[in-house]
Amino acid sequence: DSKVADPLLVTVGQPLLYYLPPVVSPVGNPFKIDVELGAADKFVTYENGTFKIGNTTNQQVGTYPVKVTITDSKGAKTVTTLNMVVRAAS
(Lines give C-alpha, C1' and ligand atoms only; values in the text may rest on other atoms or scores of the structure.)
Protein backbone atom coordinates (compact mmCIF):
# COMPACT_ATOMS: atom_id res chain seq x y z
CA ASP A 1 0.00 0.00 0.00
CA SER A 2 1.29 3.47 -0.80
CA LYS A 3 0.46 7.09 -1.55
CA VAL A 4 -0.24 7.92 -5.16
CA ALA A 5 2.74 9.00 -7.24
CA ASP A 6 2.97 9.60 -10.98
CA PRO A 7 3.40 7.18 -12.57
CA LEU A 8 1.45 4.64 -10.54
CA LEU A 9 3.52 1.49 -10.95
CA VAL A 10 1.68 -1.82 -11.01
CA THR A 11 3.25 -5.24 -11.50
CA VAL A 12 1.28 -7.98 -13.24
CA GLY A 13 -0.36 -10.34 -10.74
CA GLN A 14 0.20 -8.13 -7.69
CA PRO A 15 -2.98 -6.43 -6.40
CA LEU A 16 -2.38 -3.09 -4.65
CA LEU A 17 -4.06 -0.23 -2.87
CA TYR A 18 -3.02 3.35 -3.64
CA TYR A 19 -4.27 6.33 -1.64
CA LEU A 20 -4.77 9.87 -2.90
CA PRO A 21 -3.18 12.36 -0.52
CA PRO A 22 -5.75 14.30 1.51
CA VAL A 23 -7.10 17.49 -0.06
CA VAL A 24 -7.40 20.25 2.53
CA SER A 25 -8.70 23.77 2.06
CA PRO A 26 -6.92 26.46 4.08
CA VAL A 27 -10.35 27.82 5.08
CA GLY A 28 -12.07 24.46 5.60
CA ASN A 29 -14.17 24.35 2.42
CA PRO A 30 -15.09 20.86 1.18
CA PHE A 31 -13.70 19.38 -2.03
CA LYS A 32 -15.22 16.94 -4.48
CA ILE A 33 -12.90 14.46 -6.18
CA ASP A 34 -13.92 12.83 -9.46
CA VAL A 35 -11.86 10.05 -11.03
CA GLU A 36 -12.15 8.82 -14.60
CA LEU A 37 -10.40 5.47 -14.89
CA GLY A 38 -10.72 5.10 -18.66
CA ALA A 39 -9.46 1.72 -19.87
CA ALA A 40 -8.04 0.97 -16.39
CA ASP A 41 -11.61 0.35 -15.20
CA LYS A 42 -11.16 -3.32 -16.16
CA PHE A 43 -8.84 -3.89 -13.19
CA VAL A 44 -9.12 -0.76 -10.98
CA THR A 45 -11.87 0.64 -8.77
CA TYR A 46 -11.83 3.99 -6.98
CA GLU A 47 -13.73 4.90 -3.84
CA ASN A 48 -13.19 7.52 -1.12
CA GLY A 49 -9.60 8.37 -2.06
CA THR A 50 -8.46 4.79 -2.62
CA PHE A 51 -7.51 3.06 -5.85
CA LYS A 52 -7.99 -0.70 -5.51
CA ILE A 53 -6.00 -2.48 -8.19
CA GLY A 54 -6.97 -6.08 -8.79
CA ASN A 55 -5.04 -8.85 -10.49
CA THR A 56 -3.61 -7.77 -13.81
CA THR A 57 -2.42 -9.97 -16.66
CA ASN A 58 0.34 -9.77 -19.25
CA GLN A 59 -2.31 -8.66 -21.76
CA GLN A 60 -2.81 -5.50 -19.67
CA VAL A 61 0.84 -4.38 -19.70
CA GLY A 62 0.96 -0.74 -20.76
CA THR A 63 0.18 2.80 -19.66
CA TYR A 64 -3.31 3.86 -18.60
CA PRO A 65 -4.09 7.57 -18.08
CA VAL A 66 -6.38 8.24 -15.09
CA LYS A 67 -8.00 11.68 -14.91
CA VAL A 68 -8.49 13.23 -11.45
CA THR A 69 -10.62 16.38 -11.07
CA ILE A 70 -10.75 18.25 -7.76
CA THR A 71 -13.54 20.82 -7.40
CA ASP A 72 -13.96 23.18 -4.45
CA SER A 73 -17.27 24.41 -3.03
CA LYS A 74 -17.12 27.52 -5.23
CA GLY A 75 -16.68 25.52 -8.46
CA ALA A 76 -12.95 26.09 -9.01
CA LYS A 77 -11.38 22.99 -10.57
CA THR A 78 -7.97 21.43 -10.82
CA VAL A 79 -7.52 18.58 -13.29
CA THR A 80 -4.54 16.26 -13.43
CA THR A 81 -3.78 13.02 -15.21
CA LEU A 82 -1.96 10.24 -13.43
CA ASN A 83 -0.38 7.53 -15.54
CA MET A 84 -0.92 3.99 -14.28
CA VAL A 85 1.84 1.80 -15.70
CA VAL A 86 1.31 -1.97 -15.64
CA ARG A 87 4.62 -3.79 -15.89
CA ALA A 88 5.36 -7.46 -16.51
CA ALA A 89 6.49 -9.45 -13.48
CA SER A 90 10.23 -10.09 -13.48
Side-chain angles (χ1 to χ4, degrees):
D1 301 358
S2 63
K3 295 274 187 196
V4 171
D6 187 22
L8 306 175
L9 300 177
V10 178
T11 302
V12 166
Q14 296 180 5
L16 290 172
L17 295 177
Y18 278 106
Y19 304 97
L20 283 178
V23 178
V24 180
S25 163
V27 294
N29 293 333
F31 287 93
K32 178 182 175 197
I33 300 174
D34 291 307
V35 173
E36 295 177 33
L37 296 171
D41 69 353
K42 292 171 181 52
F43 56 90
V44 179
T45 59
Y46 173 81
E47 186 176 348
N48 298 324
T50 302
F51 291 98
K52 185 176 183 181
I53 302 165
N55 267 335
T56 50
T57 66
N58 285 325
Q59 289 76 25
Q60 293 165 315
V61 168
T63 300
Y64 298 83
V66 175
K67 182 178 170 183
V68 178
T69 303
I70 301 170
T71 308
D72 71 11
S73 60
K74 298 189 187 296
K77 292 183 180 186
T78 298
V79 179
T80 191
T81 300
L82 302 171
N83 290 301
M84 185 170 298
V85 177
V86 179
R87 304 177 293 180
S90 42

Please give me the minimum heavy-atom distance between [X] and [Y], naming the atom from each residue.
{"X": "Y64", "Y": "A40", "result": "CD2-N, 3.8 Å"}
{"X": "T11", "Y": "A89", "result": "CG2-CA, 3.7 Å"}
{"X": "K74", "Y": "D72", "result": "N-OD1, 2.9 Å"}
{"X": "R87", "Y": "V61", "result": "C-CG2, 4.2 Å"}

**Request:** Give a yes or no answer on whether the side chain of Y18 reaches the backbone of L9 with a donor-acceptor pair at less than 3.5 Å.
**Result:**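 Yes.
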**Request:** Please answer whether the main-chain N or O of G13 pairs with a side-chain N or O of T56 as donor and acceptor at a distance below 3.5 Å.
**Result:**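 Yes, T56 side chain to G13 backbone: donor-acceptor pair under 3.5 Å.
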Below 4.5 Å, heavy atoms only, C-beta onward: do [X] and [Y] meet side chain to side chain?
{"X": "Q60", "Y": "V12", "answer": "no"}
{"X": "I53", "Y": "M84", "answer": "yes"}
{"X": "Y46", "Y": "V66", "answer": "no"}

Look up atom [atom1] in [X] and atom [atom2] in [Y], then write down how far apart they are to the nearest 0.5 Å.
{"X": "T80", "Y": "K67", "atom1": "OG1", "atom2": "NZ", "value": "11.0 Å"}
{"X": "L37", "Y": "F51", "atom1": "CG", "atom2": "CZ", "value": "6.5 Å"}
{"X": "K52", "Y": "F43", "atom1": "NZ", "atom2": "CZ", "value": "15.0 Å"}
{"X": "D41", "Y": "E36", "atom1": "CG", "atom2": "CD", "value": "11.0 Å"}
{"X": "T50", "Y": "L16", "atom1": "OG1", "atom2": "CG", "value": "12.5 Å"}

**Item:** Common cluster, F31/L20, ILVMFWY with side-chain heavy-atom separation under 4.5 Å
**Value:**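 Yes, same cluster.
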**Same cluster (ILVMFWY, side-chain, under 4.5 Å), V23 and V35** =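 Yes, one cluster joins them.
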